[in-house]
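Worksheet: one structure, shown below.
To find a chain, count down the sequence lines: A is the first, B the second, and so on, and within it residues start at 1.
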Amino acid sequence: MRLSSLFMPTRKEDPAEAEIASHKLLIRGGYIRMVARGIYNFLPLGQRSLRKIKTIIREEMDQAGAQEVLLPGVQPSDLWEESGRWEEYGPELLRFEDRKGGGFCLGPTHEEVITDMVRGEVNSYKQLPMNIYQIQTKFRDEPRPRFGILRAREFIMKDAYSFDVDEEAAADSYDEMFDAYSRICDRLGFDWRAVEADTGAIGGSRSHEFQVITDTGEDDLVSCPDCGYAANIEKADVPATSVDTVEPSDELELETVETPDQTTIDEVSDFLDVAPEQCIKTVIVLADDEPLAVLVRGDHEVNEIKVRDYLRDELDRDFTHLHLAGDQTVREVTGAPVGFAGPIGLDMPILADRAIQSITDGVVGANDANAHYTGIDWSRDLDVEAFADLREARGGDPCPECGESLETNQGIEVGHVFFLGTKYSEALGATIQDEHGQQRPMVMGCYGIGVTRILAAVAEQNHDDDGLIWPMPIAPFEVTILPLQMQSDEVVETAEQLYDDLQEAGVDVLLDDRDEGVGAKFKDADLIGIPLRIVVGTRGVDNGELEFKLRWEDEQTDVAIDEAADRAIEVVERER
RNA sequence: CGGGGUGUAGCGCAGCAUGGUAGCGCGCCUGCUUUGGGUGCAGGAGGUCCCCGGUUCGAAUCCGGGCACCCCGACCA
């Protein structure tokens with residue numbers, strides 16, 4: 001490709017709306033442009049890299065025995081009603097009607113459609129295992145899209161779905177996909193980690209996220225340096241051994257103290273001169289419309305997912321959504337403004353994190369504006385339905401596997417694999433007949449990887465002050481040739497010859513044949529991040545040499561003109 | 001959905017408290033110049049000042065309503 005005719009609008013200045021490096025550089029480098037909130041155009045450079053990402057994913061999926069299909073982006077509401085998710089999914093599902101008034105949605109994921117397709121065509125265990133994937137545009141009406149294509153509303157995803165005859169076979173499929181995802185992350189050159197994760201709206205019994213480690217990631221992770229345990233913080237267990245239960249003391253007296261305007265744990269602990277660890281945070285959550293109080297230690301955070309799971313799995317509560325109560329609700333159910341809620345005299349079920357049992361002489365809100373109680377004895381004063389692991393894990397907590405101290409990282413979730421079990425096959429009646437003539441639901445797994453998000457994640461992990469630094473496998477061009485003096489016939493001819501030779505050899509090569517100053521050529525080459533830069537200048541050509549420089553290295557090397565093509569091909573093939 | 005902010009040329013911004021026919025830098029076009037890190041000079045094109053309504057002789061500027069975008073939080077794969 002000749003740069004003079006490439007649609008590559010680069011910019012000198014950062015776009016006003018971008019915050020993080022990948023977003024700024026993808027816009028500045030002419031890879032993407034925003035059309036609407038969370039909706040983007042991919043320009044030629046962006047599209048070239050996306051195609052390479054898709055190719056890598058396809059190769060690994062095919063290798064793992066999956067078959068590619070293409071499902072529709074528009075899906076009928078019937079299927080979603082059948083699975084129960086038409087109610088369950090919430091406003092992220094963009095719904096609309098066709099001309100006849102029929103209900104439709106833009107597909108945020110494809111469990112319903114795929115299960116519907118398979119149930120009609122697969123009836124025998126002999127047809128299994130089966131693994132089907134597609135690469136397709138998804139739409140999720142996110143409340144807050146951010147960071148360019150890192151969290152977009154419309155995005156490209158590869159989603160695969162496995163169907164097996166039983167749990168054991170399904171576990172094999174899961175492992176196979178896990179391995180394929182690991183290979184994909186490696187080929188993309190990521191610094192990555194697979195972590196245990198919550199299954200969220202997709203459902204299923206276990207799942208792993210593939211997280212790319214960066215400081216700008218949206219997800220908090222914990223990992224054990226010793227045994228390799230790693231989990232999303234929303235999933236990580238806090239082992240019971242982390243709590244030193246203290247026995248009640250008879251000498252404590254419950255006292256009311258005035259705490260005017262002290263609404264946060266920090267303020268209260270400063271004001272009363274007690275450690276945050278001695279305070280008890282009372283958080284009101286709503287299970288659908290039913291209020292419920294959750295107690296955690298002042299320095300801890302409630303993990304809503306753990307609360308949700310505990311209510312469902314241990315207490316058999318039935319509800320659709322669990323969420324934090326708003327200010328208004330808190331005022332209504334506690335009789336006090338936010339910041340003064342406390343467990344004493346509260347008319348609702350109360351759950352407490354286990355760490356509460358390590359508190360003596362605790363402080364809680366008095367459900368009264370500007371007052372707290374001190375001298376709380378957990379066993380005497382708290383009427384708690386259950387103590388359980390309800391808080392978020394954090395760095396320094398003991399590893400649930402081996403007890404070592406956990407480390408923290410931030411990550412970008414580029415992939416997520418789910419062991420679904422029979423959630424969708426039962427709901428939609430996707431059954432097969434097994435070798436004993438028994439009808440049984442197929443056991444499913446689903447596996448998503450964010451194609452457009454990968455582009456942003458690679459950019460986030462590979463850049464410097466001058467621009468992007470693509471790893472060879474997904475660079476939009478592998479080599480860029482910079483003839484510095486366009487008025488020199490010798491320079492132009494040398495560059496053209498090399499360009500032809502590399503094209504011939506199947507290298508993705510970009511020739512900067514623009515009549516621009518050298519500064520502009522260098523700046524653009526750095527900005528768009530092409531791995532191998534070959535400079536053709538009068539200085540070198542006079543000596544029969546060209547300059548090779550890899551984008552991620554500081555030094556450049558001189559290469560004889562007649563060896564240049566071979567050397568370039570060598571470098572490209574080594575890095576691919 | 002709560003809190004905060006922004007909307008003026010393709011991009012980045014000034015002008016707005018004190019209303020008077022719209023400006024800077026980059027980019028773009030023409031010509032010359034320069035050629036190893038965004039050259040220099042000269043000339044030029046380009047704007048319903050987000051939209052609707054109001055006040056006023058007169059609105060980018062004041063008032064009301066709406067929309068869009070960004071940030072923090074809530075939520076979310």
Donor-acceptor list for residues 479-499 of chain A side chains, cut-off 3.5 Å, not counting sequence neighbours:
| unit_1 | atom_1 | unit_2 | atom_2 | d |
| --- | --- | --- | --- | --- |
| A/T480 | OG1 | A/L510 | O | 3.1 |
| A/Q485 | OE1 | A/T538 | N | 2.9 |
| A/Q485 | NE2 | A/T538 | OG1 | 3.4 |
| A/S488 | OG | A/E490 | N | 3.4 |
| A/S488 | OG | A/V491 | N | 3.1 |
| A/T494 | OG1 | A/E490 | O | 2.6 |
| A/E496 | OE1 | A/R2 | NH2 | 2.9 |
| A/E496 | OE2 | A/R2 | NH1 | 2.9 |
| A/Q497 | NE2 | A/D501 | OD1 | 3.0 |
| A/Y499 | OH | A/M1 | N | 2.8 |
| A/Y499 | OH | A/Q503 | NE2 | 3.1 |

Ignoring hydrogens and angles, are the base of [N] and the side chain of [X] linked by a donor-acceptor pair under 3.5 Å?
X      : N      : value
A/R533 : B/rG37 : yes
A/R151 : B/rC76 : yes
A/D14  : B/rG12 : no
A/E142 : B/rA77 : yes

For A/K138 and B/rA77, is the shortest distance between a side-chain N/O and OP1 or OP2 below 4.0 Å?
->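 For B/rA77, OP1/OP2 do not have a side-chain N/O of A/K138 under 4.0 Å.
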Got a sec? Which of residues 512-521 of chain A come in under 4.0 Å of RNA chain B, heavy atoms?
->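 Going residue by residue through residues 512-521 of chain A, the ones with a heavy atom under 4.0 Å of RNA chain B turn out to be A/V518, A/G519, A/A520.
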B/rC69 versus B/rC11 - spacing of their P atoms, nearest Å =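 Pairwise P distance, B/rC69 against B/rC11, rounds to 15 Å.
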Output the rounded distance in Å from [atom1] ([X]) to [atom2] ([N]).
X      : N      : atom1 : atom2 : result
A/L93  : B/rC75 : CG    : C1'   : 16 Å
A/E413 : B/rC76 : CD    : P     : 13 Å
A/E13  : B/rG38 : CD    : C1'   : 12 Å
A/L482 : B/rU35 : CG    : P     : 18 Å
A/D219 : B/rA77 : CG    : C1'   : 9 Å
A/F147 : B/rC69 : CZ    : P     : 17 Å
A/I454 : B/rA77 : CD1   : C1'   : 14 Å
A/M34  : B/rC11 : CE    : P     : 11 Å

What is the base-pairing partner of [N], counting Watson-Crick and G-U wobble geometry with both distances under 3.5 Å?
N      : answer
B/rC67 : B/rG7
B/rC24 : B/rG12
B/rC62 : B/rG54
B/rA42 : B/rU30
B/rC76 : none

Value rounded to 0.5 Å, distance of NE2 in A/H110 from CG in A/D116 |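 Result: 12.0 Å between the selected atoms.
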Quick one, [X] and [Y] - any side-chain contact, counting heavy atoms below 4.5 Å?
X      : Y      : answer
A/Y181 : A/E60  : no
A/V536 : A/E547 : no
A/P476 : A/I530 : yes
A/L25  : A/L527 : yes

Please check if the distance between the ring centroids of A/H208 and A/F178 is under 6.0 Å.
->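 Yes: the rings meet the under 6.0 Å criterion.
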